[in-house]
> 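Can you read through this structure? Questions will come right after.
Below, each value reflects all heavy atoms present in this structure, side chains not excepted, and no hydrogens, waters or symmetry copies. Every chain is numbered from 1 and lettered A, B, ... according to where its sequence line falls, protein lines coming before strand lines.
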There are 2 protein chains.
Amino acid sequence: MSTDQLSVTFAALADPTRRAILAHLAQGEASVTELAQPFAMSLPAISKHLKVLERAGLVTRSREAQWRPCRLEAEPLKDVDHWLTQYRQFWEQSFDRLDDYLQELQAEEKKKGRKHKT
Amino acid sequence: MSTDQLSVTFAALADPTRRAILAHLAQGEASVTELAQPFAMSLPAISKHLKVLERAGLVTRSREAQWRPCRLEAEPLKDVDHWLTQYRQFWEQSFDRLDDYLQELQAEEKKKGRKHKT
DNA sequence: AGTATGTTTAACCTAATAGTTAATTAACTG
DNA sequence: CAGTTAATTAACTATTAGGTTAAACATACT
């Protein structure tokens, strides 16, 4: 796996168990066993998933007696949201065909360029 | 890897080479060799990356002589954007402390519940 | 037909993921 | 101190990811 922040975040999100854990944490803090409860999966497996989320900065943990309460951290998700902005035009253009037209124009340019070279 | 659509999309995005390819395609269609050019990587490697993007629905390809022009498809990114909405409150709440307060309240509830059980 | 260009497939390697069970650590309880 | 609860670590397994080189395939050009 790549080690840049965005790659680590996307990789962490690429698992339904981990996304379900985040959804749970969106309701507030929770302990590891609480988070594990909905899954047909051993506790160590959940522990590993939490470590992945933690490495991605999506979860932080405190200590409280023998519990490690987990808490959602949204910062990496904000980064994903920001990364997405460069593509928003591609699904928001439907009501305004200009961007679409510009894209096709560029595609045409490319095609012509290639043919000249060949 | 999980096979649900969102997992496949996130997994596809979890690689800087593939994200760079998407960024390139945001400028318009491109052939495989054109896409490969910026990378110190063999053509088959790029071909594999494209297959991953294609499986995720982020790229479609047509045929034109011996070229397979690749085109960006934004639909899966739109899905990611939609998935993100359930977390937007967590980074947009800064100017309005109410959500924050509610979250802490919930965390407190959880804590109390646990202590009663134990 | 033969050659050049663009792309994919095959076969292989290495490292990382996602899971398991069993053992260990940590903290509280009686 | 002995026992219980919460969570992690260790050791192992199977699968997948991401890369390589060499060979094959597809189309166009002369």
> dA18(C) C1' sits how many Å from Lys51(A) NZ, rounded?
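Answer to the nearest Å: 14 Å.
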> May I ask you to test the Ser7(B)-Asp15(A) pair for a side-chain heavy-atom distance under 4.5 Å?
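They are not in side-chain contact.
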> How would you list all residue pairs meeting salt bridge (charged side-chain N to carboxylate O under 4.0 Å, His left out) that involve residues 74-86 of chain B, not counting sequence neighbours?
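Output for this query lists Arg88(A)-Asp81(B), Asp81(B)-Arg88(B).
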> Near DNA chain C, counting only heavy atoms under 4.0 Å, which residues of residues 4-23 of chain A show up?
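Hits under 4.0 Å, by residue number: Asp15(A), Arg18(A).
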> Between the side chains of Gln37(A) and Thr33(A), is a donor N or O closer than 3.5 angstrom to an acceptor N or O?
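Per modelled atom types, Gln37(A) and Thr33(A) side chains form no pair under 3.5 Å.
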> May I ask you to check whether Tyr87(B) and Trp83(B) place their ring centres under 6.0 Å from each other?
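Yes - the distance between ring centres of Trp83(B) and Tyr87(B) falls below the 6.0 Å cut-off.
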> Side-chain donor-acceptor pairs under 3.5 Å in residues 45-55 of chain A, sequence neighbours left out?
residue  : atom : partner  : partner atom : Å
His49(A) : ND1  : Arg18(A) : NH1          : 3.1
Glu54(A) : OE1  : Arg61(A) : NH1          : 3.1

> I'd like to check Phe90(A) versus Leu77(B) (side-chain heavy atoms, cut-off strictly below 4.5 Å). Are they in contact?
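A side-chain contact under 4.5 Å is absent here.
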> Any N/O pairs under 3.5 Å between the protein and nucleotides 11-13 of chain C? List them or say none.
none

> Under 3.5 Å, is there a donor-acceptor pair between the side chain of Glu34(B) and the main chain of Ser31(B)?
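A pair under 3.5 Å: yes.
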> Contact between Val59(B) and Glu73(B) at the side-chain level, heavy atoms closer than 4.5 Å - yes or no?
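Answer no - side chains too far apart.
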> Would you compute the distance between atom CG of Leu13(B) and atom CG of Leu84(A) and round it to the nearest 0.5 angstrom?
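One gets 8.0 Å once the value is rounded to the nearest 0.5 Å.
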> Rounded to the Å, how far apart are Trp67(B) CH2 and dT8(C) C1'?
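About 17 Å, once rounded to whole Å.
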> Distance check needed: dT7(C) P versus Gln37(B) CD, whole Å only.
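Distance check: Gln37(B) CD to dT7(C) P gives 13 Å.
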> Would you say that Glu29(B) contacts Thr60(B) through its side chain, given a criterion of any heavy-atom pair below 4.5 Å between the two side chains?
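In short, these two side chains do not touch, never coming nearer than 4.5 Å.
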> Starting from Val8(B) and following side-chain heavy-atom contacts under 4.5 Å between hydrophobic residues (I, L, V, M, F, W, Y), which residues can be reached?
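Via sub-4.5 Å side-chain contacts, Val8(B) links to Met1(B).
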> Looking at dA17(D), I'd like to know if its phosphate oxygens (OP1 or OP2) sit under 4.0 Å from a side-chain N or O belonging to His49(B).
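Answer no for this pair, as no side-chain N or O of His49(B) is under 4.0 Å from OP1 or OP2.
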> Take nucleotides 21-27 of chain C nucleotide by nucleotide from the 5' end and write B, S or -, depending on whether a protein heavy atom sits under 4.0 Å from the base, only from the sugar-phosphate, or from neither.
BB---SS
> Could you tell me the separation between the CG atom of Leu53(B) and the C1' atom of dA17(D), rounded to a whole number of Å?
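The answer, rounded to whole Å, is 14 Å.
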